[in-house]
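Hydrogens, waters and symmetry mates are skipped; everything else that's a heavy atom, side chains included, is used.
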Amino acid sequence: MDYGEVRDEVDLVVPVKTLDRAKTRLTSATGGDPVSHAALALALALDTVSAAVATPGVRRVVTITSDPAVAAEMAALGVESLPEPPQPGLNEALLHGARTLRSSRIGALQADLPALKPDELQAALEASAGRRAFVPDRQGTGTTLLLAAPGGELDPRFGVGSAGLHRLSGAVALIGAWPSLRCDVDTEEDLRLALALGLGTRTANALPAWTT
């Protein structure tokens, strides 16, 4: 498929927590230092968004964040940020982004995919073939990418067991050779796996000492 001829390109919403709340399970990887931890969490998001922006099938990327530091760094990439809505929770943030954008086709991408390759993301978009679909994480229980059908609702079900919840809600599971798209980073083990896949430059520069 030549994405230069495709009209239903996707607008992606990427939720990013404030850096003091992001990636708490990675705190041990940075020795508990809050400055190093914030730098790593920011790098994960920036590399993810940079890869999404470079993907031919993605028309626009918008982040949902209430962290001024995150918003400023995203602006430097040419990416708009919207503040989190009053209602708490990841799904509410994604719905807020979808309602604000009012795109012909909307998608949700997790912000912790530092090894993400644009060609893998593009391949997943092509595989969706205009259907409401999702990509499960490498464990098969979570979700890294959720796509609405053109003109359809996103209907996010993120949380524990989101892959099963998205499947039950009618979304089609997309399973392909896309390791970088399925490798979300929550733990030190995840970070090591992402390192083996090839990290984005920002995350590579923010890596804790034990990875070098």
Side-chain angles (χ1 to χ4, degrees), residues 1-16 42-65 70-71 73-82 93-94 97-138 142-156 158 163 166 171-185 193-194 196-204:
M1 182 181 293
D2 182 355
Y3 247 85
E5 300 176 357
V6 174
R7 295 183 179 180
D8 66 331
E9 291 180 317
V10 177
D11 288 348
L12 289 179
V13 178
V14 182
V16 184
L42 178 60
L44 297 175
L46 289 171
D47 280 335
T48 301
V49 169
S50 295
V53 168
T55 300
V58 175
R59 186 183 69 165
R60 182 184 181 192
V61 179
V62 173
T63 61
I64 308 296
T65 185
V70 174
E73 292 291 339
M74 292 299 171
L77 295 178
V79 172
E80 180 185 359
S81 294
L82 300 173
L94 292 171
R99 285 192 295 263
T100 302
L101 288 178
R102 297 185 179 181
S103 305
S104 58
R105 192 178 193 199
I106 195 78
L109 182 70
Q110 295 285 53
D112 55 358
L113 302 167
L116 181 61
K117 306 296 187 291
D119 61 334
E120 293 187 15
L121 177 55
Q122 182 183 0
L125 298 179
E126 294 174 359
S128 71
R131 300 169 293 179
R132 180 166 175 268
F134 72 98
V135 175
D137 62 12
R138 65 182 180 84
T143 302
T144 62
L145 173 69
L146 175 66
L147 298 167
E153 297 294 328
L154 186 62
D155 191 17
F158 286 92
H166 285 134
V172 176
L174 303 175
I175 308 295
W178 314 315
S180 75
L181 178 56
R182 301 185 66 185
C183 187
D184 54 340
V185 172
L193 291 170
L197 292 173
L199 292 170
T201 55
R202 296 172 183 83
T203 304

Under the rule for side-chain hydrogen bond (donor to acceptor under 3.5 Å, both in side chains), what residues qualify as partners of R138, not counting sequence neighbours? D190
Nearest-0.5 Å distance that lies between atom CG in L12 and atom OG1 in T48: 11.5 Å
Hits for side chain to side chain contact (heavy atoms under 4.5 Å, CB included) against E153, two or more places apart or cross-chain, chain-then-number order -> none
Gap between atom CG of L147 and atom CZ of F134 - 0.5 Å precision: 11.0 Å
Salt-bridge criterion met for E120 and R182 (N-O under 4.0 Å): no
Any residue meeting side-chain hydrogen bond (donor to acceptor under 3.5 Å, both in side chains) with T143, in chain and number order, not counting sequence neighbours: S162, H166
Within the distance-only criterion (no hydrogens, no angle test), does the side chain of R132 pair as donor or acceptor with the backbone N or O of D155 below 3.5 angstrom? yes
Looking at G142 and A163, what are the two nearest heavy atoms and their distance? O-CB, 3.4 Å
With sequence neighbours excluded, tell me which residues meet side-chain hydrogen bond (donor to acceptor under 3.5 Å, both in side chains) with T55. none
Rounded distance [0.5 Å steps], CG in L113 versus CG in L145: 9.0 Å
For the backbone of A43 and the side chain of T203, can you confirm whether one donor and one acceptor N or O come within less than 3.5 Å of each other? yes
Under the side chain to side chain contact (heavy atoms under 4.5 Å, CB included) test, residues paired with L77 that sit two or more places apart: L46, V49, S50, M74, V79, R202
Enumerate the ring pair (Phe, Tyr, Trp, His ring centres under 6.0 Å) contacts for residues 98-125, please, sequence neighbours excluded, ordered by first and then second residue. none
Can you name the side-chain hydrogen bond (donor to acceptor under 3.5 Å, both in side chains) partners of E73, sequence neighbours left out? none
Among V10, V13, T63, L116, whose side chain to side chain contact (heavy atoms under 4.5 Å, CB included) with L109 holds? L116
Sorted by chain and number, sequence neighbours left out, side chain to side chain contact (heavy atoms under 4.5 Å, CB included) with P156 holds for N91, L94, L95, L146, L154, F158
Going by salt bridge (charged side-chain N to carboxylate O under 4.0 Å, His left out), name the residues that satisfy it together with D11, two or more places apart in sequence or in a different chain. R59
Report yes or no: does T65 contribute a side-chain atom to a donor-acceptor pair with the main-chain N or O of V16 at less than 3.5 Å? yes
Checking L42 against V70 for the side-chain contact (heavy atoms from CB on, under 4.5 Å) test, could you report, in this order, the C-alpha distance in whole Å, the side-chain angles of both residues, the deciding distance, and whether it holds? CA-CA 7 Å; L42 178 60; V70 174; 4.1 Å; yes
Of the non-hydrogen atoms in D47 and P114, which two are nearest, and what is the gap between them? CB-O, 3.9 Å
At what distance, to the nearest 0.5 angstrom, does CG of L82 lie from CD1 of I64? 4.5 Å
Distance from L181 atom CG to L197 atom CG, nearest 0.5 Å? 11.0 Å
Supply the atom-to-atom distance R105 CZ to L125 CG, rounded to the nearest 0.5 angstrom. 7.0 Å
Return the set of residues passing salt bridge (charged side-chain N to carboxylate O under 4.0 Å, His left out) with R131 (not counting sequence neighbours), or none when no residue passes. none
So which atom in A115 and which in A194 form the shortest heavy-atom distance, rounded to 0.1 Å? CB-O, 3.7 Å
Hey, could you give me each pair passing ring pair (Phe, Tyr, Trp, His ring centres under 6.0 Å) that has a residue in residues 107-128? Not counting sequence neighbours. none
Which side-chain hydrogen bond (donor to acceptor under 3.5 Å, both in side chains) pairs, counting each pair once, include a residue from residues 109-118, with sequence neighbours left out? K23-D112
